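Worksheet for the structure shown next.
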Amino acid sequence: MRLLVLPGDGIGPEITAATLAVLGAAARRFGLDLDLVEDVVGHESLRRHGTTVRPELLDAARQADGLVLGPAATFDFRDEAKGEINPSMFFRKGLDLFANIRPARTYPGLPDRFGAFDLVVVRENTEGFYADRNMASGSGEMLVTPEVAVSLRRITRGCCLRIARAAFELAQRRRGRVTAVHKANVLKIGDGMFLDCCCEVARDFPGIALEEVLVDAMMAHVVRAPGRFDVVVTTNMFGDILSDLTAELSGSLGLGGSLNAGDAHAMAQAAHGSAPDIAGQDVANPFSLVLSAALLLGWHGRGRGGERFIAAGAAIEQAVADAIAAGERTRDLGGRLGTREAGAALAARLEGAEAPG
Ligand code: NAD
């Protein structure tokens, strides 16, 4: 499996190094042939190449079996004319990674104030309220007069149908329940179309239960009783917000694994940002990117890679759960390990050796 690895900004290089240590251990344990190709995006790329992401990286990504993308300082990148491009958008749009899969669950050893849960947010990734990806050319946001801004939200039947199908297929491998989250009472046309598409796809999956919940009510339901949800499908912006909440409910934003998947390509990417406030201190939690990489191995396994990759992805997820239960955690989870030690502890678990004390 050839992986294009792009560490990104802030804590990106630290959590990527820890993730590569874990992938290396998984490759040894499961006999995976991993070929890692490293390159740069973000500030490092802007310094070296005059742009945050070079166009040729899209070809490199197409030739790879998957990408590991660290967080980028996207808030700093405002002017595309100056080479300041959001790398995340660049690959999601360029590779048509339409499904953003964001699992969240409670872990033994961490407080579960609202009860145990295990759910996945399936978020549309290529249109919606995202100014940088819903237009063929130009931005989806415009300043009509100095005091009037318009932000455009694009919703298409094709994108709604494929994200709904991704959610139902995932529910078939899980507990057989899909919740469509929307605001069709206000956005009657756009979210009405999204909801219609979910109902249309549901007819192809008679064994899967579909319920619908308004997005504002969902915020209350998911805090009150997260255990009632299995697969939650929603449009881009709602999914972005909801999945940060579910990651935090699971214990920390640093536990939010995230896979961006299309029909031909997939990219592991932590759900959180570049966390400049803690960058370079060896305190960031690497588990989010590690769990994202585990999702990527599973995706590759179900496609070309076969059972060993599926088993390796599952073993990494189990190693994270075991490490958390054993107290091998970074400080955001109440532990004392540094980023590097947390990665080494997972690698040691995967290889069956004693974790460092
Ligand atoms: P953030 O997610 O980087 O940080 C929010 C808070 O969570 C901070 O207190 C941070 O220290 C903490 N945190 C985040 N990840 C953590 C981890 N792994 N371990 C421990 N603590 C962690 O959000 P922000 O500060 O609003 O954004 C910082 C930059 O990241 C901005 O430029 C933003 O645009 C960018 N961003 C990038 C992505 C991406 O590349 N996918 C996503 C979100 C934000």
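Just so you know, ligand 1 is whichever comes first in the structure, and atom 1 is the first atom listed for that ligand. None of these values were measured; they are calculated from a predicted model.
Using a 4.0 Å cut-off between heavy atoms, N285 contacts ligand 1 through both its backbone and its side chain. With a heavy-atom cut-off of 4.0 Å, I278 touches ligand 1 through its side chain alone. Contacts between T330 and ligand 1, counted as non-hydrogen atom pairs separated by less than 4.0 Å, are absent for every part of the residue. The part of P276 lying near ligand 1 is the side chain, judged by heavy-atom distances below 4.0 Å.
The existence of a salt bridge linking D240 and R102 is confirmed by a sub-4.0 Å separation between a basic side-chain nitrogen and an acidic carboxylate oxygen. Salt bridge status for R54 with E56: present, with a side-chain N to carboxylate O gap under 4.0 Å.
For atom 6 (C) of ligand 1, the nearest protein heavy atom is 4.0 Å or more away. Note that atom 12 (C) of ligand 1 has no protein non-hydrogen atoms nearby, at separations under 4.0 angstrom. When distances from atom 27 (O) of ligand 1 to the protein are checked, no heavy atom turns up under 4.0 Å. Protein heavy atoms are absent from the 4.0 Å sphere centred on atom 24 (P) of ligand 1.
Using a 4.0 Å heavy-atom cutoff, S288 is absent from the residues neighbouring ligand 1.
Connection of V121 to V223 is established within a shared hydrophobic cluster, with ILVMFWY side chains joined at heavy-atom distances below 4.5 Å, either directly or through further cluster members.
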